[in-house]
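Letters go in sequence order (proteins before strands), and every chain restarts at 1. All values below come from the heavy atoms of this structure, side chains included, with hydrogens, waters and symmetry mates left out.
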There are 2 protein chains.
Amino acid sequence: MQHAFAVVLKDLRVSLGISQEELGFKANYHRTYISQLERGLKIPTLTTVFELAHVLKITPAEFIERVQQAFEKALSEEWTR
Amino acid sequence: MQHAFAVVLKDLRVSLGISQEELGFKANYHRTYISQLERGLKIPTLTTVFELAHVLKITPAEFIERVQQAFEKALSEEWTR
DNA sequence: GTGTAGACTTGGGTCGACA
DNA sequence: CTGTCGACCCAAGTCTACA
């Protein structure tokens with residue numbers, strides 16, 4: 001689940017063509033924290049998700065939906081193994 | 001924003017007709033913590049949102065969407081004052 | 001059944017430095 | 001530009017108890 005969030009976050013950031021530094025700066029989070037999020041080392045707070053979504057130009061709900069899908073996909077791949 | 005989450009959480013719980021105790025039990029969180037969430041004293045982690053959504057029989061994305069709407073509504077009411 | 005208080009542990013989030 | 005380390009602070013989440 002932390003991993004699902006991590007992947008989606010990185011995908012969104014890369015597809016915007018911005019760096020971790022830039023994302024961190026715009027969302028008011030430390031550069032190293034973004035790094036930790038993208039590696040699934042930390043899991044954000046709801047408020048953090050809202051801030052990140054804002055910078056990533058996506059609604060929080062859409063953001064979560066993608067996490068959900070990535071999560072379920074990971075689960076189904078577990079099952080079929 | 002914490003307030004928006006609080007309201008939505010309480011609404012969902014009440015509409016299911018279950019107590020804070022029961023919600024806490026089913027989602028594996030302490031009773032008093034649910035109380036704090038519903039009063040906007042604490043803001044949950046993403047994983048917590050997922051667990052709560054599960055017990056509340058709603059998808060995390062829908063859950064967040066409702067929070068979003070409650071949040072924007074609160075903002076617009078600020079504006080028009 | 002819920003609010004609140006206080007004390008406690010874990011993990012979110014910061015920050016500087018170096019590869 | 002990113003990963004990682006280590007130290008730090010504060011908020012998430014627990015738990016007991018009493019109104």
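- Thr48(A) comes within contact range of the sugar-phosphate backbone alone, with a heavy-atom separation under 4.0 Å but no base atom that close.
- Remark: P of dG3(D) and CZ of Arg39(A) are 5 Å apart, rounded to the nearest angstrom.
- Using a 4.5 Å cut-off on side-chain heavy atoms (C-beta onward), Glu38(A) and Ile34(A) make contact.
- Atom CZ in Phe25(B) sits roughly 15 Å away from atom P in dT2(C) (whole-Å rounding).
- Map Lys42(A) and Thr32(B) each onto its nearest nucleotide of DNA chain D; the residue landing nearer the 5' end is Lys42(A).
- Rounded to whole angstrom, the span from the CD atom of Gln2(A) across to the P atom of dT10(C) amounts to 17 Å.
- For Arg13(A), a side-chain nitrogen or oxygen approaches OP1 or OP2 of dT2(D) to under 4.0 Å.
- Non-hydrogen atoms lying under 4.0 Å from DNA chain D are contributed by Ser19(A), Gln20(A), Glu21(A), all within residues 14-21 of chain A.
- Whole-Å rounding puts the Leu46(A) CG to dG12(C) P distance at 14 Å.
- The CD atom of Gln36(B) sits 13 Å away from the P atom of dC15(D) (whole-angstrom rounding).
- You'll find the side chain of Ile18(A) reaches within 4.5 Å of the side chain of Arg13(A), heavy atoms only.
- Checking Ile34(B) against Thr45(B), the closest nucleotide of DNA chain C that is more toward the 5' end is the one next to Ile34(B).
- Side-chain N/O atoms of Arg31(A) and base N/O atoms of dG16(C) include no donor-acceptor pair closer than 3.5 Å.
- In this structure, the side chain of Ser19(B) engages the main chain of Glu22(B) through a donor-acceptor pair within 3.5 Å.
- Contact of the Met1(A) side chain with the Leu46(B) side chain is registered, since non-hydrogen atoms from C-beta on lie closer than 4.5 Å.
- For Phe50(A), there are no ring pair (Phe, Tyr, Trp, His ring centres under 6.0 Å) partners, not counting sequence neighbours.
- A donor-acceptor contact closer than 3.5 angstrom links the side chains of Ser35(B) and Arg39(B).
- Contact check, Ser35(B) against dT2(C): no side-chain N or O comes under 4.0 Å of OP1 or OP2.
- Straight-line distance from the CG atom of Asn28(B) to the P atom of dT14(D): 9 Å, rounded to whole Å.
- Look at OH on Tyr29(A): it is 13 Å from P on dA11(D), rounded to the nearest Å.
- His30(A) places its NE2 atom 11 Å from the P atom of dA17(C), with the value rounded to the nearest Å.
- Contact of the Leu23(B) side chain with the Leu52(B) side chain is registered, since non-hydrogen atoms from C-beta on lie closer than 4.5 Å.
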